[in-house]
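Scroll down for the structure; my scribbles are underneath it.
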Amino acid sequence: MNPPTKPASRVSSIDALRGAVMIVMALDHVREFFHVGAMSFSPTDLTQTTPILFFTRWITHFCLPVFMFAAGAGAFLFGQRSHGLGQVSRFLWTRGLWFILLEFSVMQFAYNFNFSTRVMLLPAVLWIFGICMIPLAALIYLPVRWLAGLSVAVMLFHNCLDGIQAAQFGSGAWMWNLLHQPGVLTIGGRPVLMIYPLLPWIAVMAAGFCFGQIFMMEAAERRRIMLWLGVALTIAFVVIRAVNIYGDPVSWAHQKSAVFTVLSFLNCTKYPASLDFLLMTLGPSFLLLRYLDQRTFHAANPLIVFGRVPMFYFILHFYLIHALAVVAACLRYGAGAAKFMFNPLPSTGGPRGLFPSDFGYSLLVVYAVWILVVTMLYLPCRWFAKVKATRRDWWLSYL
């Protein structure tokens with residue numbers, strides 16, 4: 001093995017991978033705000049979906065695993081750039097608290113466009129980032145081999161807990177909802193839909209932290225590891241899923257056609273993310289990371305621009321999508337749109353009865369709006385990326 005090298009100030013391949021999944025992520029959120037089907041059924045419901053709608057949703061499954069893994073790797077590399085473990089730990093837990101604060105304030109308004117305390121709270125991506133960063137701040141003190149082994153064990157075996165139901169814990173059911181089983185909690189009389197429990201996402205982020213040391217190796221060596229990891233995890237997914245005994249609480253089954261049987265095979269559980277789901281998404285992601293690691297990117301490349309300002313992009317894209325949805329509704333329904341558009345949409349748990357029965361648009365409109373959103377975000381994100389590259393204010397690392 002070649003001696004480790006000092007990582008660059010930025011790892012372009014990680015930025016590019018993150019930028020790629022951020023572009024894809026916007027497609028899913030546009031779908032939730034615009035697609036007519038999103039208002040009444042899940043795009044992975046094989047009894048109602050179409051192949052193109054299914055894959056419109058399925059491709060976005062790669063986003064959260066990549067985000068979590070890249071966040072862990074980024075924390076490791078942050079520590080290698082003249083920062084000790086103590087500084088990394090402090091950064092993780094303070095950033096985690098910041099993410100949770102943003103989730104319950106800035107992001108809830110982005111979802112709902114109102115401050116009503118009657119609507120259901122929906123802690124989503126920033127919540128799971130924050131709640132994972134806080135324990136990771138302590139876990140990074142473990143030897144890397146121990147942490148890697150623990151992370152892999154959690155990802156491999158957390159589905160053994162699927163049979164345990166929150167109701168078994170009585171008044172303590174909320175703890176199991178936070179840890180492993182999605183469910184609705186009540187906080188201060190207000191319902192909170194907990195869709196992202198801690199397991200297995202803390203393990204994915206911790207595994208990313210351990211993987212960060214790969215970027216201290218020579219290029220040829222790290223790319224060989226990425227290749228073998230990508231191939232091994234992808235094959236493991238195909239084998240474990242095919243056996244159909246363990247790895248996902250919902251087994252695949254033969255459907256009305258070969259195409260839908262393939263969809264059933266790929267229809268892995270995300271809430272909480274099953275072993276099959278993680279293998280299906282992380283395996284190909286390693287192969288894409290290897291490909292990106294061989295390329296040289298200009299600072300103006302959209303993948304780099306978006307990948308270097310993930311928080312800025314994430315918050316901005318939700319507000320932009322929701323604002324465009326309001327504009328579209330006003331153009332379609334006139335002034336009457338104000339009666340329902342400043343509420344959570346049915347796709348995000350809003351009151352279906354407030355919305356017109358034909359509310360929503362075709363998948364073609366969804367793709368057109370997605371392209372528009374990504375295009376509109378490029379210039380502001382490029383501006384902010386330049387700000388982060390030229391200034392060293394401490395608060396910029398939290399945005």
Side-chain angles (χ1 to χ4, degrees), residues 22-43 53 56-57 60 63-64 99 101-127 190-193 195 302 306 309-384 399:
M22 288 171 70
I23 291 172
V24 171
M25 173 188 66
L27 173 60
D28 191 46
H29 296 151
V30 170
R31 180 192 60 79
E32 288 183 331
F33 278 86
F34 277 85
H35 188 234
V36 61
M39 307 305 151
S40 57
F41 67 90
S42 167
L53 177 58
T56 298
R57 171 56 173 156
T60 67
C63 299
L64 188 55
F99 278 24
L101 175 63
L102 288 176
E103 182 64 70
F104 284 102
S105 55
V106 174
M107 293 312 301
Q108 292 305 310
F109 185 75
Y111 306 148
N112 303 332
F113 270 15
N114 68 46
F115 293 106
S116 173
T117 58
R118 293 177 297 176
V119 300
M120 179 181 292
L121 283 172
L122 182 64
V125 174
L126 293 189
W127 155 262
R190 187 173 182 180
V192 180
L193 177 58
I195 60 173
F306 294 141
V309 291
M311 173 70 79
F312 184 79
Y313 174 99
F314 182 81
I315 294 175
L316 202 60
H317 98 287
F318 255 112
Y319 277 91
L320 178 57
I321 292 169
H322 201 160
L324 290 174
V326 171
V327 171
C330 289
L331 292 174
R332 183 177 179 183
Y333 299 104
K339 297 178 181 179
F340 55 85
M341 280 307 295
F342 295 96
N343 291 280
L345 271 68
S347 56
T348 58
R352 186 67 182 92
L354 281 181
F355 289 77
S357 59
D358 63 345
F359 181 78
Y361 310 87
S362 70
L363 204 55
L364 183 61
V365 171
V366 169
Y367 275 88
V369 174
W370 170 52
I371 294 171
L372 176 63
V373 166
V374 173
T375 302
M376 292 177 68
L377 288 174
Y378 176 76
L379 287 180
C381 287
R382 185 175 178 182
W383 165 79
F384 192 61
L399 295 177

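Residue numbers start at 1 and run along the sequence shown.
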Quiz item: Rounded to the nearest 0.5 Å, how far apart are CG of Leu101 and CE of Met107?
Solution: 12.5 Å

Only distances under 3.5 Å count here; give the side-chain donor-acceptor pairs of residues 325-334 to other protein atoms, sequence neighbours excluded, each with its distance to 0.1 Å.
unit_1: Arg332; atom_1: NH1; unit_2: Gly360; atom_2: O; d: 2.7
unit_1: Arg332; atom_1: NH2; unit_2: Asp358; atom_2: O; d: 3.0
unit_1: Arg332; atom_1: NH2; unit_2: Asp358; atom_2: OD2; d: 3.2
unit_1: Tyr333; atom_1: OH; unit_2: Asp358; atom_2: OD1; d: 3.1

Quiz item: Is any side-chain heavy atom of Tyr319 less than 4.5 Å from a side-chain heavy atom of Ile315?
Solution: yes

Quiz item: How about Phe113 and His322: do any of their side-chain heavy atoms sit closer than 4.5 Å?
Solution: yes

Quiz item: Got Pro191 and Leu121 here, is their nearest side-chain heavy-atom distance under 4.5 Å?
Solution: no

Just distance, no hydrogens or angles: give the donor-acceptor pairs under 3.5 Å from side chains in residues 370-378, sequence neighbours left out.
unit_1: Trp370; atom_1: NE1; unit_2: Ile23; atom_2: O; d: 2.8
unit_1: Thr375; atom_1: OG1; unit_2: Ile371; atom_2: O; d: 2.7
unit_1: Tyr378; atom_1: OH; unit_2: Ala300; atom_2: O; d: 2.5

Practice problem: Would you mind reporting whether Phe318 and Phe33 have side-chain heavy atoms less than 4.5 Å apart? | Solution: yes

Practice problem: Using a 4.5 Å cut-off on heavy atoms from C-beta on, say whether the side chain of Val192 contacts that of Pro123. | Solution: yes

Quiz item: Which pair of heavy atoms, one from Leu126 and one from Phe314, lies closest together, and at what distance?
Solution: CG-CE2, 3.8 Å

Exercise. Applying ring pair (Phe, Tyr, Trp, His ring centres under 6.0 Å), name anything that partners Tyr361, two or more places apart in sequence or on another chain.
Key: Phe34

Quiz item: Just how far is it from atom CE of Met39 to atom OG of Ser357, taken to the nearest 0.5 Å?
Solution: 13.0 Å

Practice problem: Of all the heavy-atom pairs spanning Pro351 and Pro344, show the shortest one and how long it is. | Solution: CD-O, 3.7 Å

Exercise. Give the minimum heavy-atom separation between Glu103 and Leu122, together with the two atoms involved.
Key: OE2-O, 3.7 Å

Exercise. Please round to the nearest 0.5 Å and tell me the distance separating atom CG of Asn343 and atom OG1 of Thr348.
Key: 9.5 Å

Exercise. Kindly indicate whether the side chain of Thr56, heavy atoms from C-beta on, has any atom under 4.5 Å from the side chain of Pro43.
Key: no

Self-check item: Smallest separation among heavy atoms of Pro380 and Phe312, with atom names
Solution: O-CE2, 3.5 Å

Quiz item: Should Leu324 and Val30 be marked as a side-chain contact (heavy atoms from CB on, under 4.5 Å) after you check the CA-CA gap, both sets of side-chain angles, and the distance that decides it?
Solution: CA-CA 9 Å; Leu324 290 174; Val30 170; over 6 Å; no

Exercise. Look up atom CZ in Phe384 and atom CG in Leu379, then write down how far apart they are to the nearest 0.5 Å.
Key: 15.5 Å

Quiz item: Side chains of His35 and Val365: closer than 4.5 Å at any heavy-atom pair?
Solution: no

Exercise. I would like to know whether His29 and Tyr111 meet side-chain contact (heavy atoms from CB on, under 4.5 Å); could you show each step before the answer?
Key: CA-CA 10 Å; His29 296 151; Tyr111 306 148; over 6 Å; no

Quiz item: Roughly how far, to the nearest 0.5 Å, is CE of Met22 from NE2 of His317?
Solution: 8.0 Å

Quiz prompt | Exam field: side chain Asn114 to backbone Phe342, donor-acceptor pair closer than 3.5 Å | solution = yes

Self-check item: Minimum side-chain heavy-atom gap Leu53-Arg31 below 4.5 Å
Solution: yes

Quiz item: Can you tell me how far the CD atom of Gln108 sits from the CG atom of Asn112, to the nearest 0.5 Å?
Solution: 6.0 Å

Exercise. Decide yes or no on side-chain contact (heavy atoms from CB on, under 4.5 Å) for Cys63 and Val24, but give the supporting numbers first.
Key: CA-CA 7 Å; Cys63 299; Val24 171; 4.1 Å; yes

Self-check item: Candidate pair Leu102 and Met311, rule side-chain contact (heavy atoms from CB on, under 4.5 Å), full reasoning
Solution: CA-CA 10 Å; Leu102 288 176; Met311 173 70 79; 3.8 Å; yes

